[in-house]
Protein chains: 2
Amino acid sequence: MFEYEFPRPAVAADIAAFALDNGKLKILLVRRGVEPFLGEWALPGGFVLEDETIEACAARELREETGVDGESLIQFGIYSEPGRDPRKWIISIAYVTAVHLAQVVLKSGTDAAAAEWFSVDQLPAVLAFDHHDIIKDAIEALRNNALLLERQRRDVPVLAFRLLGETFSLSALQAAVEVIVGNERDKRNFRKQVVEHWLEPTGTVSTGRHRPALNYRLRPKDPGLHE
Amino acid sequence: MFEYEFPRPAVAADIAAFALDNGKLKILLVRRGVEPFLGEWALPGGFVLEDETIEACAARELREETGVDGESLIQFGIYSEPGRDPRKWIISIAYVTAVHLAQVVLKSGTDAAAAEWFSVDQLPAVLAFDHHDIIKDAIEALRNNALLLERQRRDVPVLAFRLLGETFSLSALQAAVEVIVGNERDKRNFRKQVVEHWLEPTGTVSTGRHRPALNYRLRPKDPGLHE
DNA sequence: CCAAAAGTGTTTAACGTACACCCATGT
DNA sequence: ACATGGGTGTACGTTAAACACTTTTGG
């Protein structure tokens, strides 16, 4: 048996980038500027180049579309069903991340004519490829990784914080978590756990229409717990 | 911007298949029959074909090497570092699984000259590609997925059971878990939890050198808990 | 002074964990 | 009979969960 040339798939990284916009959970989609599915909405993404890892590719594509540095990209799926692209053989590696809307500057990437945030419950009826499936899985992955409490390992990137800015009030954080996981949770218990495990107060307050709220930031690292 | 032909990587599925052999945790390696790394030990695996998913490819490769049906393949990593293959551009998708040694019939696959089980603490000094890294990650993935107690979600495939046969004694199960996770655990607590959550007695006993042990099997499914 | 969000402790239930002795078999 | 692994319950500590009122600001 000797080495011969197999047919090779194109390999793409697709990114499900979530943001919080006025209390709604949104996902970034781009309008495709190339065939196939020209003009349809799709997840941002692109083909992997020979001198980068797939994760680096995802980070690059995200940066090209949003200007946001692609840290905390979490790989959650691989889509390789034959025929998922009508004309070529394409395998997609899917990543999920979360970004703070305020620091996003939407740009059109190389293959995208436009980029837009969509409410996850008001997606376009038609999406390119199998991106409907991917988004469904992405939301689940977001839940699994954004969810901070409830038996969560402490070593994984925690996406919920990335939806917010550098500093935030406890209510803002709780609202973010509740939007992601769907259900409500007890204010006092939430604060207790989240302050104890993740946060430090900044000293500043965020003044709103009512009583000012203390601001918190993500504590750098719990020095040396578990191993 | 229009569509042009990118260079394309070869995409492979690599499988870290674990088994229990006389109380030792072993991993299946094959001796490569092709360049590069001809003659070196490597994880079983092979290139994805155009008419199959990557997971199906992993299942097929595993079947070719071991005769074991590749259920419960869990994808745990993607290896795409440029230069990880000295001559070609190859991206590897890595899967972990566990098999019951008794039902394995080792065969040499298409690209492999021989297959052998290695203790995870006595691996060959030199392995093909970055398979040392992959194995390290695979053991971690095995731990994460085989581990049954301790705040485990119930929906994921549980690899520990796959190390054993259809039926097994509680001690055999506990031994398997302890080998995987490294540390010991309390017999009474282990039995309580594992019987409550996963097992049903078969009625048979496994007679050994001492008092016979009741056999158990994995209970099909807890009908409708959570959601 | 009213509306709206911020802030704050205690009690109870569930779960995980530690722990020691008798039993059934083969030799 | 004895060595070896099989089998069994209870008590304690920790963690999660339920629960209601006071405080501070803007309008």
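Below, chains carry the letters A, B, ... as their sequence lines are ordered, and counting in each starts from 1. Quantities reported herein were computed from a predicted structural model and do not represent experimental measurements.
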Specify the separation, in whole Å, of atom CD of A/Gln174 and atom P of C/dG7. 12 Å
If you measure from CD1 on A/Ile15 to CD on A/Glu65, what distance do you get to the nearest 0.5 Å? 7.5 Å
Rounded to whole Å, the CD-C1' distance (B/Glu196 to D/dT8) equals 16 Å
When the distance from CG of A/Leu214 to C1' of C/dA5 is rounded to whole Å, what number comes out? 13 Å
Can you measure A/Gln193 atom CD to C/dT8 atom C1' for me and round it to whole angstrom units? 15 Å
Nucleotide by nucleotide, 5' to 3', does protein get under 4.0 Å of the base (B), only the sugar-phosphate (S), or neither (-) in nucleotides 19-27 of chain C, counting heavy atoms? BB--BBBS-
Can you tell me the distance, in whole Å, between the CG atom of B/Leu199 and the P atom of D/dG6? 15 Å
With a 4.0 Å cut-off on heavy atoms, is A/Leu170 in touch with a base, just the backbone sugar-phosphate, or nothing at all? nothing
Below 4.0 Å: OP1/OP2 of D/dG6 and any side-chain N or O of B/Ser171: yes
Ring pair (Phe, Tyr, Trp, His ring centres under 6.0 Å) partners for A/Tyr79, two or more places apart: none
Is it true that, when you exclude B/Asp121 itself, more than 12 heavy atoms of the residues, nucleotides or ligands shown sit nearer than 6.0 Å to its CG? yes
Residues B/Glu200, B/Arg217; criterion salt bridge (charged side-chain N to carboxylate O under 4.0 Å, His left out); working and verdict: CA-CA 6 Å; B/Glu200 59 186 14; B/Arg217 73 167 69 85; 3.1 Å; yes
Applying ring pair (Phe, Tyr, Trp, His ring centres under 6.0 Å), name anything that partners A/Trp117, two or more places apart in sequence or on another chain. none
Could you check how far CZ of A/Phe190 sits from P of D/dA16, rounded to whole Å? 14 Å
From CD of B/Glu184 across to C1' of C/dA18 the rounded distance in Å is 14 Å
Report the relative orientation of the aromatic rings in B/Trp198 and B/Phe161; use parallel for angles under 30°, tilted for 30 to 60°, perpendicular for over 60°. tilted
